[in-house]
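Read through the structure below, which is laid out as structure tokens, and then see the notes.
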Amino acid sequence: MCAFDGSKLHDRRWVRISLLAVLMAMSLTLVSIFHFRLYKDVVFTHFFYLPVVLAAFWWDWSGLSVAVALFAALLISHTVSGLQVSLWQETIRGSSFIIVGCVVAYLSWRGKQLRGELEDHYRELERAVEERTAELREKNRELEAYAQTVSHDLNAPLVVIKGFLELLRERAGERLDGEEMEYLERMEKAAERMGRLIDSLLEYARASAGAASLEVVDPKESFREVVKERALEMENLGAEVEVDESIPLVAVDRVRLQQVLSNLLDNALKYRRPDVPPRIRLGWRPEGDAVCLYLRDNGMGIEPGKAEEIFQPFTRLHSCEEHGLGLGLSIVKKAVESWGGRIWVESEPGRGTVFFLTLPPAGKRGWADVSGA
């Protein structure tokens, strides 16, 4: 690559030298014709400014040699030819070449200085970004380790609580009256909810921690695996699933893609309309240079103006406890952003919801560079 750039620079330099040589030859020829054949002052002296300006622009202060050469050529030619024109007139004319050359040379030199400063700032910025990215990756690793530690520390006493509740039910369940049994069931449900909350928090932390491990993935197969895991539940609900067979391969983290599709499918099943069998379709469309997957359902839909809220942690648009902790779509958003994609939703109350997410196609893996941040 460097050899190719050097060859181009060498060729460009010789093109400039050749062009300047031609212009200088034409200028000197013009002087010779007027001074030695027509015996009069040169009429088209403005033509001389062209090589002066080009030389100063290309080589800044070094290019002034062309202005000096033309100045000297005019004076020598004027002296030798014996023209009846004041030498001061030629001196002023030649001086104007040097003045113009100096102005252009200064502007060219200053422009190169500014470009050099910009390149230095750019390199510093790149270095700062690299350092910041490394810091963020380290913080992500620390966050994941911290989340795992907290999850373990919170789960340990929770397991003990569940164990004692189960033991209490086995040993004293028959002696408890209706109100006492209700208290016991409430405690068991609270412990289960706490367990789900801890697992969800850990999953949320992992969704954006660390760089995505990219590989070529078939979204159709990933979605079918997710559907297969929920086969019994979907059969009981009478759900129908349709998959567009033309969906192309993508370059993403396989585990995170399955996590995204699983949460979106879970969302479609949870927020179904009563007494209406779920109808779910996974399709796609091109979105610039990205693959845009969409998952459409015929569920309850989302109220206008709340489409962005659903991606915030602990946000539930329905108050029923069975609808979860409000972390599912936050996890989805983090996972999609980990490979450089984006996610949005279109919905209408009572007519269903469509989630859109962008993924890099199998031939492009550059998006993952942002995942470390």
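Keep in mind that the numbers below use all heavy atoms, side chains included, and drop hydrogens, waters and symmetry copies. Keep in mind the model is a prediction, meaning the values are calculated, not measured.
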For this session: Would you mind reporting whether M187 and L184 have side-chain heavy atoms less than 4.5 Å apart?
Result: yes
Exercise. With distance as the sole test, does D60 use its side chain to make a donor-acceptor pair with the main-chain N or O of G111 at under 3.5 Å?
Worked result: no
Exercise. What pair of heavy atoms forms the shortest contact from P219 to P248, and how long is it?
Worked result: CD-O, 3.4 Å
Exercise. How many angstroms lie between CD1 in I161 and CD in E166, if you round to the nearest 0.5 Å?
Worked result: 14.0 Å
Problem set entry | Over 12 non-hydrogen atoms of neighbours within 6.0 angstrom of CZ in F57 | no
Exercise. Could you walk me through whether R281 and D244 pass the side chain to side chain contact (heavy atoms under 4.5 Å, CB included) check?
Worked result: CA-CA 8 Å; R281 171 180 169 79; D244 187 346; 3.7 Å; yes
Problem set entry | Validation row: V252, P360 side chains within 4.5 angstrom (heavy atoms) | yes
Problem set entry | Side-chain (R273) to main-chain (N298) donor-acceptor, under 3.5 angstrom | yes
For this session: Taking the side chain as every heavy atom from C-beta outward, state whether V103 and V100 have any atom pair closer than 4.5 Å.
Result: no
Exercise. Taking 4.0 angstrom as the limit, do E130 and R127 come out as a salt bridge?
Worked result: no
Exercise. Does atom CD of E235 have more than 12 heavy-atom neighbours from other groups under 6.0 Å away?
Worked result: no
Exercise. CZ of R171: more than 12 outside heavy atoms within 6.0 angstrom?
Worked result: no
Exercise. Between A55 and V66, which heavy-atom pair has the shortest distance, and what is it?
Worked result: CB-CG2, 3.5 Å
Exercise. Should the pair E188-R169 be classified as a salt bridge under the 4.0 Å nitrogen-to-oxygen rule?
Worked result: yes
Exercise. Looking only at heavy atoms, which two atoms of M234 and V227 are closest? And how far apart?
Worked result: SD-CG1, 3.8 Å
Exercise. Hey, any chance V260 and L269 share a hydrophobic cluster, counting ILVMFWY side chains that come within less than 4.5 Å of each other, even indirectly?
Worked result: yes
Exercise. Taking K333 for the side chain and I343 for the main chain, is one N or O donor matched with an acceptor at less than 3.5 Å?
Worked result: no
Problem set entry | Between CG on residue L295 and CG on residue L265, distance to nearest 0.5 Å | 7.0 Å
For this session: Spell out, yes or no, whether W61 and L107 are grouped together once hydrophobic residues are joined by side-chain heavy atoms under 4.5 Å, including indirect joins.
Result: yes
For this session: Using a strict 4.0 Å threshold on nitrogen-to-oxygen distance, state whether E117 and R115 make a salt bridge.
Result: no
For this session: Given side chain to side chain donor-acceptor pair (under 3.5 Å), test R256 with Q259 step by step and report yes or no.
Result: CA-CA 5 Å; R256 289 183 181 177; Q259 182 184 43; 5.7 Å; no
Exercise. Thinking salt bridges, do R230 and D266 make one under a 4.0 Å N-O criterion?
Worked result: yes
Problem set entry | Any side-chain heavy-atom pair of I302 and P349 under 4.5 Å | no
Exercise. Under the 3.5 angstrom rule, does the side chain of E180 hit a backbone N or O of D177 as a donor-acceptor pair?
Worked result: yes
Exercise. Can you tell if the side chain of L165 reaches within under 4.5 Å of the side chain of L167, non-hydrogen atoms only?
Worked result: no
For this session: For a side chain to side chain contact (heavy atoms under 4.5 Å, CB included) with F355, tell me which candidate from L264, L293, N263 qualifies.
Result: L264
Problem set entry | Gap between atom CZ of R254 and atom CD of E221 - 0.5 Å precision | 9.5 Å
For this session: Might you point out which heavy atoms bring F356 and R285 nearest each other, and give the distance in Å?
Result: CE2-NH1, 3.7 Å
Exercise. From E126 CD over to E119 CD, what is the distance, rounded to the nearest 0.5 angstrom?
Worked result: 11.0 Å
Problem set entry | Residues T353, E346; criterion side chain to side chain contact (heavy atoms under 4.5 Å, CB included); working and verdict | CA-CA 6 Å; T353 302; E346 295 178 3; over 6 Å; no
Exercise. Can you tell if the side chain of C102 reaches within under 4.5 Å of the side chain of L64, non-hydrogen atoms only?
Worked result: yes
Problem set entry | Sidechain-backbone polar pair: S330 side chain, F311 backbone, donor-acceptor under 3.5 Å | yes
Exercise. Is a salt bridge present between E245 and R224, judged by a nitrogen-to-oxygen distance below 4.0 Å?
Worked result: yes
Problem set entry | Polar side-chain atom of S347 near backbone of G352 as donor-acceptor pair, under 3.5 Å | yes
For this session: Answer whether the closest heavy-atom distance between the side chains of L357 and L359 falls below 4.5 Å.
Result: yes
Problem set entry | R110 CZ: over 12 foreign heavy atoms closer than 6.0 Å | yes
Exercise. Is D297 paired with R279 through a side-chain N to carboxylate O contact shorter than 4.0 Å?
Worked result: no
Exercise. Would W14 and L20 show up in the same hydrophobic cluster when neighbours are defined by side-chain heavy atoms closer than 4.5 Å?
Worked result: yes
Exercise. What's the spacing between L54 CG and L19 CG if we round to 0.5 Å?
Worked result: 6.5 Å
Exercise. Do E185 and K189 meet the salt-bridge criterion of a basic N to acidic O distance under 4.0 Å?
Worked result: no
Exercise. W344 ring centre to R342 NZ or CZ under 6.0 Å, with the angle to the axis within 45°?
Worked result: yes
For this session: Flag yes if W109 and W58 sit in one hydrophobic cluster, no otherwise; membership is Ile, Leu, Val, Met, Phe, Trp, Tyr, and two members link when side-chain heavy atoms are under 4.5 Å apart.
Result: no
Problem set entry | Closest approach of L261 to S222 (non-hydrogen atoms, all atoms of both residues) | CD1-CB, 4.0 Å
Problem set entry | Nearest-0.5 Å distance that lies between atom CG in L158 and atom CD in E192 | 10.0 Å
Problem set entry | Side chain to side chain, F97 and V53, heavy atoms closer than 4.5 Å | no
For this session: Provide the closest heavy-atom pair for V336 versus T358 in the form atom of the first, atom of the second, distance.
Result: CG1-O, 4.2 Å
For this session: Using a strict 4.0 Å threshold on nitrogen-to-oxygen distance, state whether R186 and E182 make a salt bridge.
Result: yes
Exercise. Is V104 reachable from L50 through a run of I, L, V, M, F, W or Y residues, each pair having side-chain heavy atoms under 4.5 Å apart?
Worked result: yes
